[in-house]
Amino acid sequence: MTRQYEKIRHQILEAVDKVISDGRVILGPTVEMFEKELAEYLNVKHAIGVANGSDALVISLHALGIEKGDKIITTPYTFFATASCITRNGGIPIFVDVDPDTYNIDLNQVEELLKKQDIKVIIPVHLFGRTVDFEKLDFLKQKFNVKILEDAAQSIGSEGKIDNIVKKSGTFGDIGIFSFFPTKNLGAYGDAGAIVTNDGQLAEKARMLRQHGSKKKYYHEMVGYNSRLDSIHAAILSIKLKYLEEWTTKRIEIAKYYQKLFEDKKLPIKYPKVENKDYRSHVYHQYVVEFENEQIRDRVKEHLTKNGIGTALYYPLPLHLQRCFAEFGYKEGDFPISERLSKTTLALPIFPELRNDEIETIVQKISEVL
Ligand SMILES: Cc1ncc(COP(=O)(O)O)c(C=O)c1O
């Protein structure tokens, strides 16, 4: 984040100064401008800025009309907010394990479940920046009349194909969300998020919900939230959005270089291969590799830490095993792939400014342990 800031510092400070000098620091024209630019970038009709990605999920589900006891399918191998938005709306999370190659929700298992249970919404997560299979998702949507809320918090700019048309993640379903948490591919310098949709009614509802359910100040049509996007963040995001394509291309180049080095050294690691497609199926928000077992993973992590290389675990405890969801009766062994990945994967450094010599050092250090 700091290397990136060095390059855009001047523009950012100027934009922040302008917002404060203008005096409109919550919503207002700066937020409207960013919403318009975001909608254009994504090729979607409506973008609604909110306070963070977690709120974006809660508001989106609320806008979809979820009622107490409604069942919603999602993955247990994701960030907590993907599932907490379900319980915060009174719904029941129905977890489905992930595909061992993509780490995204296993849509074949989703199909089996849809045959047996009445499900209102599916929340697919484009995990680590990799797009979920749109074709299969569309098949399920049509066949089972289920709504889709895309959790695109990690995948801004990633694409999928449907009927030969390329769409950006977040824009395929009924409604989609993004997080602009500082470390995201498009990150603010604080919390921020957005909801996107092509459905005018859903957009209007989401817009009201972010402001205590009101269109007109002090008149409330429903009980909503205080979840507005700050103008300073919107101004910063407008600047950064201009660089997103360049930064995403860099991330893909870095993923390619990791791949080349792993191949050259023939390391026993499973890594996300850069696919040769005519659309961008992965934007490498995280570069997550998998080791043979937990002991090896932990040894690599320790060795990298000792050498000053930062890594992270996504996610050490799958969501079905979180104490706060105990009432839903899940137990260890229910989702073996997610449980295994929580013990065997490690996120390696990836950010657009990462240099080739640094990647070489990281791979060299990993090879010393394997
Ligand atoms: C998959 C996923 N969903 C939702 C969120 C929530 O976003 P935020 O941190 O902006 O609330 C995140 C952020 O980490 C995420 O990674």
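Remember, it's 1-based here, ligands and their atoms both numbered in the order they're listed.
Near Val125, with a cut-off below 4.0 Å to any heavy atom, the atoms of ligand 1 are 1 (C). For ligand 1, the atoms sitting less than 4.0 Å from at least one non-hydrogen atom of Gly53 are 6 (C), 7 (O), 8 (P), 10 (O), 11 (O), numbered in the order shown with element in parentheses. Set against the non-hydrogen atoms of Thr78, the atoms of ligand 1 under 4.0 Å away are 1 (C). Heavy-atom contacts of Thr82 reach the following atoms of ligand 1: 1 (C), 3 (N) (cutoff under 4.0 Å).
Using cut-offs of 30° and 60° for the angle between ring planes, the Tyr287 and Phe262 rings count as parallel.
Ligand 1 has no nitrogen or oxygen under 3.5 angstrom from a nitrogen or oxygen of Asp55. By the 3.5 Å distance cut-off applied to N or O atoms, Asp191 is not counted among the residues near ligand 1.
Nearest protein heavy-atom contact of atom 11 (O) of ligand 1 is Ser54 OG, 2.5 Å. The protein heavy-atom contact nearest to atom 5 (C) of ligand 1 is Phe79 CD2, 3.5 Å. Of all protein heavy atoms, the one lying nearest to atom 16 (O) of ligand 1 is Gln154 NE2, 2.8 Å. Here the heavy atom of the protein found nearest to atom 13 (C) of ligand 1 is Lys184 NZ, 3.1 Å. Of the protein's non-hydrogen atoms, the one nearest atom 3 (N) of ligand 1 is Asp151 OD2, 2.8 Å.
For the pair Pro93/Phe328, a side-chain contact is recorded, criterion being any heavy-atom separation below 4.5 Å from C-beta on. No side-chain heavy atom of His320 sits under 4.5 Å from any side-chain heavy atom of Glu332.
Under a cutoff of 6.0 Å and an axis angle of 45°, Lys242 and Tyr41 do not form a cation-pi pair. Judged by a 6.0 Å distance limit and a 45° cone about the ring axis, Lys216 is positioned over the six-membered ring of Tyr219.
Judged by the shortest distance from any of its heavy atoms, Leu57 lies inside the 4.0 Å radius around the atoms of ligand 1.
At a heavy-atom cutoff of 4.0 Å, ligand 1 is contacted by the side chain of Ala153 but not by its backbone.
Between the side chains of His303 and Glu368, at least one donor N or O sits under 3.5 Å from an acceptor N or O.
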Output, in order, the C-alpha distance, side-chain angles, deciding distance and verdict of side-chain contact (heavy atoms from CB on, under 4.5 Å) for Lys365 and Ile309.
CA-CA 9 Å; Lys365 292 296 161 197; Ile309 298 163; 3.9 Å; yes
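Tested against Phe80 for a ring-ring contact (aromatic ring centres under 6.0 Å, His included), the candidates Tyr314, Tyr315, Phe325 yield a single pass: Phe325.
Asp151 places no side-chain N or O within 3.5 Å of a backbone atom of Pro124 that could act as its donor or acceptor partner.
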